[in-house]
Amino acid sequence: MADQVHKTPQVVDVPDHPQPEKSPVVTPVAAKDPPPVPECDEEPKTKTSDAVTNGNADDDEKLPQSGSYKEESTRLADLVDNQKKAVQELKVLVREALDKHEFFGSAMPQQQQQESKDESVKEEPKPEEEAETTDQRPKEESITQVESVDTEEKVAAEDDGAKTVEAIEDSIVSVSSSVQPEQSPDAAKEAPEAKVDPVPEDQKEDAPPQEISIWGVPLLADDRSDVILLKFLRARDFKVKEAFTMLQNTIRWRKEFGIDELVEQDLGDDLDKVVFMHGFDKEGHPVCYNVYGEFQSKELYQKTFSDEDKRQNFLRWRIQFLEKSIRKLDFSPGGICTIVQINDLKNSPGLTKWELRQATKQALQLLQDNYPEFVARQVFINVPWWYLAVNKMISPFLTQRTRSKFVFAGPSKSADTLFRYIAAEQVPVKYGGLSKDGDFANTDAVIEETVKPAAKHTVEFPVTEACFLTWEVRVVGWDVRYGAEFVPSGEDSYTIIIQKSKKVVGCSEEQVVCNNFKAAEPGKVVLTIDNPSSKKKKKLLYRLKTMPTSD
């Protein structure tokens, strides 16, 4: 039973006396319409260099920022003329390949395939001619292999720890495959041949066209197929032949890897806390969280990476997880067909985890080769100081388009950075939001306010009739005093203390205060948050539910 304390309702507002603050360099406090982040390449590199040289661990204001990427339309009507033409040309190539049953045969372009057939009819090729014929394989087939080889050689000269983080960052989280290195004929020789034999020539004319689906979307069956083709075209800068070769190789790989069978398999739930989907961002993209600190568990690490079989199982689990997530996307024109990746680097594994590096390199290769343009944004949170050196190393290998999808935030800015892109009701409690099991759902909107330094902040819930109120409150980082009371409207009524003012300390970072009150008369519920810090403003989150009562 709440205590009655005094007769006359009084609410005292303490004037704010904010101290001078430094202008934030990184992400601002969450707003409905955050300002765009500059796309300049040189500035982040300069900041990174300074931080590494000085060994400054206070990186929140020095982390390279971007996040300026604007997702392109998936409606054909919104494309420019040359892009529309590229889509139509790619559809023609796909239709010809379906009619001739060529998707599960050689990945050579048709002209090169015909030249090879003509040469084989004339005479048995000599060893030199065999090499020449092999060199005719499409250069596109080796694009991602060359990327892996070139990157590995350049990174090998740097610190081994940085190489580990590069693999962690790029592989498990499925970084966009828009980076296109130079093509090498020698690398094309190493490309594996398809294990599935093409349909014999004498059966092609009588056989009906192939019916091929990718991510649950039948090719050329409806306008969803156009969205799929656009992904491959954008991954290859609208170069039609390269996009077709990439599509052809992806379809072959999916058949060889057994994707359709893999999706139905039970691979266990040991890694459910490592990678999981939770909620949606403000634009409706599903959000995937990658929590690398989970691999600090020696038992989980050994169970996942200790030998080659376990690393292959991890690879299959990661591909299965991605496949299941993708199949829930909307591939209709204008639909949501990309994912936001949140990469939590808190307590990331040590810098010499060779097994993890090997597994993630394999994952990186497959994801880059076969899952183009599925990432809407990459947000890195709880970024440690040593990541600055790694980012400096990997940035030259990324295109401006890819870099524009990246957002970085140190530990003290992680929650605010997430709120720029994801509403607080969709952010898990462990990352500063209010999404959890309880009286409220993810659809119950959260109100965000700022508590100024050295000030008391009040929130009022008007009560017009007898009702039952339930609310949730949290302050990101806490270290404030919190109290709640009911102030009746009647002059002869008493103010009722609902929650005595108490200090909630920073160690309760994941704590959410839940209160309820049964109001028997009109009045208002007043929440008071007292911020004792003379320098730091606080992010306040709260939401309310009311239910009428007859009592």
Side-chain angles (χ1 to χ4, degrees), residues 1-5 9 11 29-30 273 276 278-280 287 289 414-416 418-419 422-451 455-488 494-533 537-551:
M1 184 69 182
D3 300 327
Q4 295 182 345
V5 290
V11 180
V29 175
K273 292 183 179 180
F276 59 90
H278 189 100
F280 301 86
V287 181
Y289 289 82
S414 292
D416 283 345
L418 290 180
F419 295 151
I422 309 171
E425 61 267 22
Q426 297 283 343
V427 176
V429 170
K430 68 178 294 185
Y431 293 120
L434 284 177
S435 179
K436 64 179 183 62
D437 295 333
D439 295 330
F440 293 85
N442 287 358
T443 53
D444 295 323
V446 172
I447 298 174
E448 302 178 24
E449 295 183 4
T450 299
V451 182
K456 284 185 179 180
H457 186 86
T458 60
V459 175
E460 297 183 357
F461 301 145
V463 177
T464 58
E465 60 182 356
C467 64
F468 187 81
L469 299 90
T470 302
W471 63 90
E472 290 182 337
V473 178
R474 84 170 298 173
V475 177
V476 178
W478 285 108
D479 282 329
V480 299
R481 297 190 67 87
Y482 164 77
E485 60 184 9
F486 175 69
V487 182
Y494 292 90
T495 294
I496 301 175
I497 300 299
I498 302 173
Q499 170 70 63
K500 290 183 178 180
S501 180
K502 67 175 183 179
K503 186 175 182 179
V504 187
V505 296
C507 62
S508 305
E509 184 175 351
E510 295 185 13
Q511 179 179 346
V512 176
V513 174
C514 301
N515 289 136
N516 55 68
F517 178 72
K518 185 177 181 180
E521 58 182 315
K524 60 183 177 181
V525 172
V526 180
L527 312 183
T528 303
I529 295 89
D530 184 0
N531 181 13
S533 173
K537 54 188 176 182
K538 302 287 185 177
K539 172 76 70 177
L540 168 65
L541 309 173
Y542 65 90
R543 54 185 170 181
L544 169 74
K545 272 186 176 182
T546 61
M547 293 184 295
T549 176
S550 58
D551 295 335

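What's counted below: heavy atoms across the whole structure, side chains too, no hydrogens, waters or symmetry copies. Computed from a predicted model, the values in this text were never measured in an experiment.
For the pair T549/K518, a side-chain contact is recorded, criterion being any heavy-atom separation below 4.5 Å from C-beta on. Contact check for V512 versus V473: no side-chain heavy atoms found under the 4.5 Å cut-off. No side-chain heavy atom of V451 sits less than 4.5 Å from a side-chain heavy atom of V475. Side-chain contact between T528 and R481: absent, with no pair of heavy atoms (C-beta onward) separated by less than 4.5 Å. Within the 4.5 Å cutoff, no side-chain heavy atoms of T470 are placed close to those of L544. Taking the side chain as every heavy atom from C-beta outward, V459 and E449 approach each other to under 4.5 Å. Looking at V463 and K524, their side chains never come closer than 4.5 Å, going by heavy atoms from C-beta outward. With contacts defined as side-chain heavy-atom distances shorter than 4.5 Å, the pair K502/Y482 does not qualify.
Expressed to the nearest 0.5 Å, how far CG of N515 lies from CD1 of I498 amounts to 7.0 Å. In this structure, OG1 on T458 lies 8.0 Å from CD1 on I529, to the nearest 0.5 angstrom. D416 CG to L418 CG: the interatomic distance, rounded to the nearest 0.5 Å, is 9.0 Å. With rounding to the nearest 0.5 Å, the separation of SG in C514 from CD in Q499 is 11.0 Å. Rounding to the nearest 0.5 Å places OG of S533 at 8.5 Å from CG of D479.
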Yes or no on side-chain contact (heavy atoms from CB on, under 4.5 Å) for V429 and L434, after CA distance, side-chain angles and deciding distance? CA-CA 5 Å; V429 170; L434 284 177; 5.5 Å; no

* After noting the C-alpha distance and the side-chain angles of N516 and L469, does the key distance pass the side-chain contact (heavy atoms from CB on, under 4.5 Å) rule? -> CA-CA 5 Å; N516 55 68; L469 299 90; over 6 Å; no

Handout entry: Stepwise side-chain contact (heavy atoms from CB on, under 4.5 Å) check, E472 with V513
Key = CA-CA 6 Å; E472 290 182 337; V513 174; over 6 Å; no

Inset, instruction - Determine, step by step, whether W478 and V505 satisfy the side-chain contact (heavy atoms from CB on, under 4.5 Å) criterion, reporting the C-alpha distance in whole Å, the side-chain angles of both residues, the deciding distance to 0.1 Å, and the verdict. - result: CA-CA 6 Å; W478 285 108; V505 296; over 6 Å; no

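The existence of a salt bridge linking D444 and K545 is confirmed by a sub-4.0 Å separation between a basic side-chain nitrogen and an acidic carboxylate oxygen.
Just one of L541, L540, V476 meets the side chain to side chain contact (heavy atoms under 4.5 Å, CB included) condition when paired with E448; it is L541.
Closest approach of A484 to L527, counting heavy atoms only: CB-CD2, 3.6 Å. Smallest separation of non-hydrogen atoms from P428 and Y289: CD-OH, 3.2 Å. Nearest heavy-atom pair, G432 versus A415, reported as atom, atom and distance to 0.1 Å: CA-CB, 4.4 Å. The heavy-atom pair separating R474 from G433 by the smallest distance is NH1-O, 2.7 Å.
A 6.0 Å sphere centred on NZ of K436 holds more than 12 heavy atoms belonging to other residues, nucleotides or ligands.
Scanning for side-chain contact (heavy atoms from CB on, under 4.5 Å) contacts around F280 gives P286, Q426, with sequence neighbours left out. With sequence neighbours excluded, no residue forms a side chain to side chain donor-acceptor pair (under 3.5 Å) with E465. Annotation: ring pair (Phe, Tyr, Trp, His ring centres under 6.0 Å) contacts of F486 (sequence neighbours excluded): F517.
Checking side-chain atoms of E425 against main-chain N and O of V446 turns up a donor-acceptor pair under 3.5 Å. In this structure a side-chain-to-backbone donor-acceptor pair under 3.5 Å is missing from R543 to I447.
Counting only N and O atoms by type, the side chains of N442 and S435 include a donor and acceptor under 3.5 Å apart.
Taking the six-membered ring where the residue is Trp, Y542 and F461 present tilted rings, their angle falling between 30° and 60°.
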